[in-house]
Amino acid sequence: MNRVILMGRLTRDPEVRYSQGEKSMAVARYTLAIDRRGRRNQDGNEQTADFINCVAFDRAGEFAEKYFRQGMRVLVSGRIQTGNYTNKEGVKVYTFDVIVDDQEFADSKSNSADNSRPDPSSTVGDGFMNIPDGVEDEGLPFNS
């Protein structure tokens, strides 16, 4: 089984391109910074992080383009895809991407607006997340 679930912060705004051909499709690429729990860097001061490349296609790519911004905390699920190619210098380069099946906001509207980490004492206890202003129902990935 090839299944991954990640929660992290966007390192920059998603980069979106559209495929050529009969049916144009959005392809969004973004990187998540994910803290390693309990790990410190060599100086012992800061937590270290992993930077995971993610790729979202079609409607998920359009959603990422429209609503995801640098610093937002998002939850992603998908599958790992590896590959390789030879670059211009003749060096073999290995790739590792998460192909996104589902993606959603992991912060409330107020936390994502100021790109700060959520304060656990201020979280609403209903278990539901606020959707940012301007998100239309037809733009949500779970509406078909």
**Prompt:** Who passes side chain to side chain donor-acceptor pair (under 3.5 Å) against D58, sequence neighbours left out?
**Reply:** none
**Prompt:** Who are the side chain to side chain donor-acceptor pair (under 3.5 Å) partners of D101, not counting sequence neighbours?
**Reply:** R3
Atom pair [atom1] ([X]) and [atom2] ([Y]), whose distance is rounded to the nearest 0.5 Å:
{"X": "R59", "Y": "K66", "atom1": "CZ", "atom2": "NZ", "value": "10.5 Å"}
{"X": "L32", "Y": "I52", "atom1": "CG", "atom2": "CD1", "value": "8.0 Å"}
{"X": "R17", "Y": "R29", "atom1": "CZ", "atom2": "CZ", "value": "8.0 Å"}
{"X": "M7", "Y": "E104", "atom1": "CE", "atom2": "CD", "value": "9.0 Å"}

**Transitive ILVMFWY cluster of V16, excluding itself - 4.5 Å side-chain cut-off** = Y18
**Message:** Looking only at side-chain N and O atoms, does Q103 offer a donor or acceptor that is under 3.5 Å from a partner on Y30?
**Reply:** yes
**Message:** Keeping N2 on the side-chain end and I80 on the backbone end, is there a donor-acceptor pair under 3.5 Å?
**Reply:** yes
**Prompt:** Does R9 use its side chain to pair, donor to acceptor, with the backbone of M72 at less than 3.5 Å?
**Reply:** no
**Asked** For T11 and Q70, what are the C-alpha separation, side-chain angles and deciding distance, and is it a side-chain contact (heavy atoms from CB on, under 4.5 Å)?
**Response** CA-CA 6 Å; T11 60; Q70 179 178 349; over 6 Å; no
**Request:** Please name all residues satisfying side-chain contact (heavy atoms from CB on, under 4.5 Å) with S19, sequence neighbours left out, ordered by chain then number.
**Result:** M25
Taking [Y] as the starting point, is it possible to reach [X] by hopping between hydrophobic residues whose side chains are less than 4.5 Å apart?
{"X": "L75", "Y": "V4", "value": "no"}
{"X": "V74", "Y": "L6", "value": "yes"}
{"X": "F51", "Y": "I34", "value": "no"}

**Fill in**
Applying salt bridge (Lys or Arg N to Asp or Glu O under 4.0 Å) to D13 and not counting sequence neighbours gives none
Side-chain donor-acceptor contacts of residues 89-99 below 3.5 Å, not counting sequence neighbours, with atom names and distances?
residue: E89; atom: OE1; partner: N87; partner atom: ND2; Å: 3.3
residue: T95; atom: OG1; partner: G83; partner atom: N; Å: 3.1
residue: T95; atom: OG1; partner: G83; partner atom: O; Å: 3.2

**Closest approach of R69 to L10 (non-hydrogen atoms, all atoms of both residues)** = O-CD1, 3.2 Å
**Shortest non-hydrogen contact from A64 toward A28** = CB-CB, 4.0 Å
